[in-house]
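These numbers come from the heavy atoms of this one structure, side chains and all, not from hydrogens, waters or symmetry mates.
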Amino acid sequence: QVQLVESGGDSVQAGGSLRLSCATSGYRTGKNYCVAWFRQAPGKEREGVAGIFTGGGAPTYYADSVKGRFTISQDNAKTLYLQMNSLKPEDTAMYYCAAGTTYCSARYWPEEADFAYWGRGTQVTVSS
């Protein structure tokens, strides 16, 4: 069973930076996953922010609203990160780590239902 635990959320001023972390475990050996960050602001639908395909060979997905400001990465310990720079008040949301046995890339973003595993979220608040 894949387990995901987010951390790193905080309250920051506009223009500041944060790095979110997602500790992951339970990946099946030899199975490839799309591992991703989603966010949900109050009153809005959840949206995919960034995603990596663990099988490699696929350009990373970024939502247009975060391109050039956010960077997703994963280390050898399979911790997933989201480096967020030049934060804006509109980035305020609950951020979720998610994983699914699906392909993803800059040219293909799966349905949210394809992500079977979710963390509980970490809150990011950006004040102006």
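- A search for ring-ring contact (aromatic ring centres under 6.0 Å, His included) contacts involving Tyr27 returns Tyr33, not counting sequence neighbours.
- Proximity of a side-chain donor or acceptor of Thr92 to a complementary backbone N or O of Val126 within less than 3.5 Å is detected.
- Atom-to-atom distance recorded for Ser17:OG and Phe70:CZ is 9.5 Å, nearest 0.5 angstrom.
- With sequence neighbours excluded, no residue satisfies side chain to side chain donor-acceptor pair (under 3.5 Å) with Thr101.
- To the nearest 0.5 angstrom, Leu87 atom CG is 6.5 Å from Arg69 atom CZ.
- Applying the 4.5 Å side-chain rule to ILVMFWY residues, one finds Phe53, Tyr103 in the same cluster as Tyr108.
- Checked against the 6.0 Å centroid criterion, the rings of Phe38 and Trp118 qualify as a close aromatic pair.
- For the atom pair Gln123 CD and Ser11 OG, the distance stands at 7.5 Å (nearest 0.5 Å).
- Residues Gly48 and Ala63 come closest through the heavy atom pair O-CB, 3.4 Å.
- At least one donor-acceptor pair under 3.5 Å links the side chain of Thr122 to the backbone N or O of Gly9.
- Looking only at distances, a side-chain donor or acceptor of Thr24 sits under 3.5 Å from a matching main-chain atom of Lys78.
- Every residue was checked against the side chain to side chain donor-acceptor pair (under 3.5 Å) condition with Arg19, not counting sequence neighbours, and none meets it.
- The CG atom of Asn85 sits 6.5 Å away from atom OG1 of Thr71, with the distance rounded to the nearest 0.5 Å.
- With contacts defined as side-chain heavy-atom distances shorter than 4.5 Å, the pair Leu82/Tyr95 qualifies.
- One hydrophobic cluster, built from ILVMFWY side chains closer than 4.5 Å, cannot hold both Trp37 and Phe115; they sit in different ones.
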message = Could you go through Thr125 and Val12, starting from their C-alpha distance and side-chain angles, then the distance that decides it, and tell me whether this counts as side chain to side chain contact (heavy atoms under 4.5 Å, CB included)?
response = CA-CA 6 Å; Thr125 303; Val12 296; over 6 Å; no

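- Atoms OG and CD1, on Ser73 and Ile52 in that order, are 6.0 Å from each other to the nearest 0.5 Å.
- When all heavy atoms are compared, the tightest approach of Leu4 to Val2 is CD2-CG1, 3.9 Å.
- Contacts of Tyr61 classified as ring-ring contact (aromatic ring centres under 6.0 Å, His included), with partners at least two apart in sequence or in another chain: Trp109.
- Rounded to the nearest 0.5 Å, atoms CD (Glu112) and CD (Glu45) are 8.5 Å apart.
- Scanning all heavy atoms of the two residues, the minimum distance from Ser128 to Pro89 falls at CB-CG, 3.9 Å.
- Under a cutoff of 6.0 Å and an axis angle of 45°, Arg39 and Tyr96 do not form a cation-pi pair.
- Counting only heavy atoms from C-beta outward, the side chains of Gln1 and Tyr117 approach each other to under 4.5 Å.
- In terms of the salt bridge (charged side-chain N to carboxylate O under 4.0 Å, His left out) criterion, residue partners of Asp64 (sequence neighbours excluded) are, by chain and number, Lys67.
- Under the 4.5 Å side-chain heavy-atom criterion for Ile, Leu, Val, Met, Phe, Trp and Tyr, Tyr81 and Leu18 are members of distinct hydrophobic clusters.
- Ion pairing between Glu6 and Arg120 fails under the 4.0 Å rule for side-chain N and carboxylate O.
- Met94 and Met84 are assigned to two separate hydrophobic clusters, defined by single-linkage of ILVMFWY side chains at heavy-atom distances under 4.5 Å.
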